[in-house]
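What follows is a short report on a single structure.
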Amino acid sequence: MASPAVAGVAAVIRSQFPKLSASQVKHIIMDSGLTTMARVNVGGGADTKPFQEITTSGKMANLYNALIMASKM
């Protein structure tokens with residue numbers, strides 16, 4: 001369910017800063033996320049992997065940080 005959440009973050013950023021390009025919004029979301037040392041169940045079994053290994057950025061989207069970063073662009 002991360003996709004709808006990240007789409008919502010992108011929508012809020014674009015609504016507040018309409019002059020930002022899609023590429024800029026993507027970079028803001030990727031760079032402003034929160035890192036975690038959590039381990040995540042993979043495949044429904046007992047196998048777990050670090051969050052950083054199963055995600056592209058290794059971070060969780062964070063709207064507050066994204067808006068702060070967008071305001072500085």
Side-chain angles (χ1 to χ4, degrees):
M1 293 304 298
S3 180
V6 175
V9 170
V12 172
I13 294 169
R14 292 294 297 262
S15 71
Q16 296 298 308
F17 304 97
K19 293 185 180 183
L20 291 177
S21 69
S23 178
Q24 288 173 310
V25 172
K26 176 185 173 185
H27 288 291
I28 289 167
I29 293 170
M30 297 284 284
D31 295 341
S32 66
L34 299 175
T35 58
T36 181
M37 301 305 288
R39 295 188 63 84
V40 180
N41 282 346
V42 179
D47 185 31
T48 63
K49 291 187 177 182
F51 186 78
Q52 292 90 350
E53 288 183 17
I54 63 170
T55 63
T56 301
S57 70
K59 299 177 182 181
M60 294 179 284
N62 183 279
L63 178 59
Y64 180 76
N65 289 349
L67 289 172
I68 291 170
M69 188 176 283
S71 70
K72 296 178 181 178
M73 294 193 88

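Since we're looking at a predicted model, the values are computed, not measured.
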Quick one: pull up CG in Leu34 and OH in Tyr64 and give me the separation to the nearest 0.5 Å. 12.0 Å
Do you know the tightest heavy-atom contact between Thr48 and Arg39? O-NH2, 3.0 Å
Working to the nearest 0.5 Å, report the span between CG of Asp31 and NZ of Lys26. 10.5 Å
State, to 0.1 Å, how close Thr35 and Lys59 come at their nearest heavy-atom pair, and which atoms those are. CG2-CG, 3.8 Å
Can you hop from Val12 to Met73 via hydrophobic side chains spaced under 4.5 Å? yes
Hey, could you give me the CD1/CD1 distance between Ile28 and Ile13, rounded to the nearest 0.5 Å? 5.5 Å
The reported gap from CG in Leu63 to CD1 in Ile68 (rounded to nearest 0.5 angstrom) is 10.0 Å
Within one Ile-Leu-Val-Met-Phe-Trp-Tyr cluster: Met60 and Val9, side-chain cutoff 4.5 Å: no
Lys49 and Asp47 have their tightest heavy-atom pair at CE-OD2, 4.2 Å
Ignoring hydrogens, what is the shortest heavy-atom contact between Gln52 and Thr36? Give both atom names and the distance. NE2-O, 2.5 Å
Would Val6 end up clustered with Leu67 when hydrophobic side chains under 4.5 Å apart are linked, directly or stepwise? yes
Closest non-hydrogen atom pair, Ser21 against Arg14: C-NH1, 4.2 Å
Shared hydrophobic cluster for Met69 and Met30 (ILVMFWY, side-chain gaps under 4.5 Å): no
